[in-house]
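These notes are about the structure you will find just below.
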Number of protein chains: 2
Amino acid sequence: MPKQPSKPPTTPQDINLDVLEGTLSFYIRTINIAVSRDLDTCLEGLDVAKGTGKITTLLLVDSYPGIRPSVIAHLTMRDRSAMGRLIEQMVAHDLIRREVSSEDSRAQELYITEAGAALAVKIRELVPKQSRDFFSFIPDDEQQQLMDILRRAYRRIVETT
Amino acid sequence: MPKQPSKPPTTPQDINLDVLEGTLSFYIRTINIAVSRDLDTCLEGLDVAKGTGKITTLLLVDSYPGIRPSVIAHLTMRDRSAMGRLIEQMVAHDLIRREVSSEDSRAQELYITEAGAALAVKIRELVPKQSRDFFSFIPDDEQQQLMDILRRAYRRIVETT
DNA sequence: TTCATTTAGTGGACTTTTGCAACTGGTTTC
DNA sequence: GAAACCAGTTGCAAAAGTCCACTAAATGAA
């Protein structure tokens, strides 16, 4: 177990992160903090900020009218109760509308409102732009590689959960 | 703006995620949720769970005796106040020790305790293992690619923040 | 048909985080 | 020595996620 130089570093630059250097989860977790923060400031005031759920929900409801909360919950990795609260919020903000399904009266169907659809248009532009800008220092081909791998990872995780 | 099939999907499998499919931040954010959750359950009861900070802090203090809170705060992307609370916690759990720096009496120096060192040993094994296991469905070479890119991204973000 | 099981969504309480801003010394610069 | 700056602390408030129990509806098996 090789120890690092024992001088207390005051500059963050040349610090070795120990085993975390080779730990994928570490990078995902820390980079997540940074992107999420940046995204929040990009979307400031837009009714849809903070937390992974709102954006995905808005786009899904817009793309799939009648989609059910539990489906979105699954895709965004939250539990039903958290999803419920999120929907509540978005209904209150008049972004989506909620109906009881005619086929299964336990379930609900979600529909976009005008305001929601308008917001979705903005989101479709802003969100990918933010991501591109934020990661712009990564060459395009690498960004593509990254995305290919992560997309499969995401799919895999969703399937097995 | 091509719309999706308008039948409300009840199965998550074949849903198209719209622009998010091509948005790196989306994958980072969602995968983050999944890894973090998994990591938490792996570390359950270990005094160091929940939140990105504790593990990094423990390893850094162990590797760099005398390191300062603000340096760790920077590397873990939190602000000083959050860092302070985290250190408080870890001191209370007797994982690290806190002294006023002799060179700069505003600053503190952090040192590992015996319990902390013991935990660090466990952590060094468990954390990378969890990451490897969690992402085991990604082929090794791709995992390596991923890490190479993300490492540079992380470095870059830390430097420019 | 009836009864047990599973599923969809709700509600409550709780823990934990985090973000912001103001505030206390201590240090540096000019 | 005064102004600007930096390290860390504290308090507050907002928010997010988790756990668990509960209702109501659907399913399916005896």
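Computed from heavy atoms alone, side chains included, the values below leave out hydrogens, waters and symmetry copies. In the text below, chain A, chain B and the rest are named by the order of the sequence lines, each starting its count at 1.
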Winner on side-chain proximity to Arg106(A), out of dT27(C), dT9(D), dA26(D), is dA26(D)
* More than 12 foreign heavy atoms under 6.0 Å from CG of Asp140(A): is that the case here? -> no
Atom CZ of Arg68(A) and atom C1' of dA8(C) are separated, to the nearest Å, by 8 Å
Checking Thr52(A), Asn32(A), Ile31(A) against Asn32(B) for side-chain contact (heavy atoms from CB on, under 4.5 Å), the one that qualifies is Asn32(A)
The nucleotide from dA7(D), dT9(D), dG26(C) with an atom nearest the side chain of Arg98(B) is dT9(D)
In whole angstroms, the gap separating C1' of dC19(D) from CD of Glu44(B) amounts to 13 Å
Among dG8(D), dT6(C), dG26(C), the one nearest any side-chain atom of Pro69(B) is dG8(D)
Among the nucleotides dG19(C), dA8(C), dC19(D), whichever has the atom closest to the side chain of Ser81(A) is dC19(D)
From CD of Glu88(B) across to C1' of dT17(C) the rounded distance in Å is 16 Å
Practice item. Please determine if Arg98(B) and Glu88(B) form a salt bridge, counting it only when a charged side-chain N lies under 4.0 Å from a carboxylate O. Key: yes
Rounded to whole Å, CG of Leu86(A) lies from P of dT10(C) at a distance of 12 Å
Looking only at dT9(D), dT18(D), dG9(C), the nucleotide nearest the Gln108(B) side chain is dT9(D)
Of the candidates dT10(D), dA26(D), dG9(C), the side chain of Arg85(B) sits closest to dT10(D)
Glu109(A) atom CD is separated from dA25(D) atom P, nearest whole Å, by 16 Å
note: Glu99(A), atom CD; dA8(C), atom C1'; distance rounded to Å ~ 17 Å
From CE of Met90(A) across to P of dA16(D) the rounded distance in Å is 13 Å
Of Ala82(A) and Glu103(A), the one whose closest nucleotide on DNA chain D sits nearer the 5' end is Ala82(A)
* To do: Return no unless some side-chain N or O of Arg80(A) is found under 4.0 Å from OP1 or OP2 of dT18(D).
  => no
* Honestly curious: do Val127(B) and Leu46(B) fall in one hydrophobic cluster under the side-chain, below-4.5 Å linking rule? -> yes
Between Lys54(B) and dT16(C), is there a contact of a side-chain N or O with OP1 or OP2 at under 4.0 Å?
no
Here the distance between atom C1' of dT18(D) and atom CZ of Arg37(B), to the nearest Å, is 9 Å
The nucleotide from dT18(D), dG26(C), dC20(C) with an atom nearest the side chain of Asp79(B) is dC20(C)
Salt bridge (charged side-chain N to carboxylate O under 4.0 Å, His left out) with Glu21(A): of Arg152(B), Arg151(B), Arg124(B), only one passes, and it is Arg151(B)
Winner on side-chain proximity to Ser70(B), out of dA7(D), dT17(C), dG19(C), is dA7(D)
